[in-house]
Amino acid sequence: MGIIPKVAAINDISGFGRCSLTIAMPVLSVMGVQCCPLPTAVLSRHTGFESFYFKDLTDSLPDYISNWKESEIEFDAIYSGFLGSLEQIKITEGFINSFSKKPFCVIDTVMGDKGRLYSTYTKEMCDELKRLVAVADVITPNVTEACYLADVEYKGENLSVLECEYISSRLCDYGAKAVVITGIEYKDKLLNYVYNNKKGTSFVTKKSQQSFSGTGDLFASVLTGMLVKGYNLNHAVQIATRFIYSCLKYTTKHNAPVSEGVVFEPLLYKLGGLLNE
Ligand code: PXL
């Protein structure tokens with residue numbers, strides 16, 4: 001590893017509404033990690049808005065990646081998020097498998113939320129994502145994504161510990177080394193469940209009154225930053241859980257518009273202070 005760890009961040013860039021690369025880049029930077037974006041799509045706003053411009057970048061990915069490969073750039077980690085087409089999921093898989101020494105892989109299985117797939121997501125993409133999960137060191141599905149991937153019926157945002165364990169072990173059967181199920185609701189609490197080495201641990205936080213887009217991206221970005229800097233998974237999830245809660249508290253306190261996403265900019269210094277001596 002060089003003085004600064006390098007992460008290839010495979011994700012879209014949405015011009016408005018905090019999500020994907022507009023979260024991953026500042027978060028990784030403040031954590032002292034170099035974020036190298038591999039943009040999968042350009043959107044004017046994220047898909048939660050009533051309208052948006054969407055430019056799929058699938059065709060440009062092979063040349064973009066070839067240039068990186070010719071330059072022999074070594075990444076310490078690969079972090080994938082929103083993938084805009086079936087082909088992109090296959091390209092991401094190929095990119096990960098192209099390294100003789102496989103980098104650490106965080107696959108944020110961005111597919112949907114609240115029981116529904118995002119409008120750009122198809123059943124075929126969901127099936128292909130199961131294959132991508134196989135090369136992951138850590139995957140970070142929310143409840144919706146965990147249920148879709150494990151072929152378990154979605155019955156709401158609550159999952160029991162037994163259900164978490166069952167779903168996570170199925171996802172590990174696909175090949176994922178560890179699973180973090182995010183945003184499980186339990187009464188007035190929110191849980192992030194870690195399944196690692198066949199052992200489950202829950203990290204509990206208070207639930208904020210509102211949910212905001214981009215929270216999953218913020219969580220996975222903090223997690224990736226910590227993991228690539230050598231922190232263990234449970235510690236990384238604990239820090240990410242606390243950080244997301246303070247961002248949600250700030251966002252609701254200031255009545256920020258839900259669609260514009262979770263506010264994190266005024267709190268980034270906390271991550272910087274934590275990790276950079
Ligand atoms: O936050 C996940 C996400 C990422 N990228 C795009 C999205 C969303 C969620 O809506 O629309 C484009």
Side-chain angles (χ1 to χ4, degrees), residues 7-28 35 37-58 60-61 78-89 91-92 106-122 125-126 128-129 132-133 136 138-149 154 157 180-184 190 192 208 210-225 240-241 243-244 247-248 251 256-265:
V7 173
I10 311 176
N11 218 327
D12 74 89
I13 177 136
S14 291
F16 191 72
R18 298 172 185 85
C19 68
S20 35
L21 283 174
T22 59
I23 290 182
M25 293 179 71
V27 165
L28 289 171
C35 178
L38 176 43
T40 55
V42 177
L43 291 89
S44 54
R45 307 192 285 181
H46 65 57
T47 61
F49 285 95
E50 65 282 2
S51 68
F52 50 88
Y53 164 79
F54 179 81
K55 171 79 177 163
D56 177 37
L57 295 182
T58 305
S60 65
L61 293 184
I78 295 177
Y79 161 35
S80 79
F82 181 89
L83 299 172
S85 67
L86 183 66
E87 190 58 23
Q88 271 184 19
I89 307 175
I91 293 173
T92 301
V106 178
I107 308 288
D108 186 13
T109 49
V110 179
M111 295 196 304
D113 203 6
K114 305 274 179 297
R116 297 180 55 188
L117 294 180
Y118 293 131
S119 56
T120 51
Y121 228 85
T122 62
M125 288 167 76
C126 182
E128 192 60 39
L129 204 67
L132 186 59
V133 160
V138 180
I139 60 170
T140 55
N142 60 26
V143 176
T144 303
E145 293 156 353
C147 290
Y148 264 96
L149 286 170
Y154 171 87
E157 293 296 302
V180 184
I181 306 180
T182 62
I184 302 157
L190 210 66
N192 293 318
S208 78
Q210 264 288 357
S211 58
F212 291 85
S213 71
T215 313
D217 300 313
L218 193 55
F219 184 88
S221 300
V222 175
L223 202 68
T224 303
T241 304
F243 181 70
I244 295 345
C247 292
L248 285 169
T251 310
V258 170
S259 55
E260 291 183 24
V262 57
V263 175
F264 61 90
E265 296 87 346

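Atoms within each ligand, like the ligands themselves, are counted from 1 in listed order. The structure displayed is predicted, hence computed values, not measured ones.
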Open item on the list: If the condition is side chain to side chain donor-acceptor pair (under 3.5 Å), which residues does N192 pass it with, not counting sequence neighbours?
Closed with: T241
Open item on the list: Show me the pairs that pass salt bridge (Lys or Arg N to Asp or Glu O under 4.0 Å) and involve residues 10-23, at least two apart or across chains.
Closed with: R18-E265
TODO: Please work out which of the three classes, parallel, tilted or perpendicular, describes the rings of F49 and H46, given edges at 30° and 60°.
DONE: tilted
Open item on the list: If we count only N and O atoms by modelled type, under 3.5 Å, do the side chains of T58 and S85 hold a donor and an acceptor together?
Closed with: yes
Task: Any donor-acceptor N/O pair, E145 side chain to M111 backbone, under 3.5 Å - done: yes
TODO: Apply salt bridge (Lys or Arg N to Asp or Glu O under 4.0 Å) to E260 and list each qualifying residue two or more places apart in sequence or on a separate chain.
DONE: none
Enumerate the pairs of nitrogen or oxygen atoms, one from ligand 1 and one from the protein, separated by less than 3.5 angstrom; state names and distance to 0.1 Å.
unit_1: ligand 1; atom_1: 1 (O); unit_2: D217; atom_2: OD2; d: 2.6
unit_1: ligand 1; atom_1: 5 (N); unit_2: D12; atom_2: OD2; d: 2.7
unit_1: ligand 1; atom_1: 10 (O); unit_2: T47; atom_2: OG1; d: 3.4
unit_1: ligand 1; atom_1: 11 (O); unit_2: T47; atom_2: N; d: 2.8
unit_1: ligand 1; atom_1: 11 (O); unit_2: T47; atom_2: OG1; d: 2.6

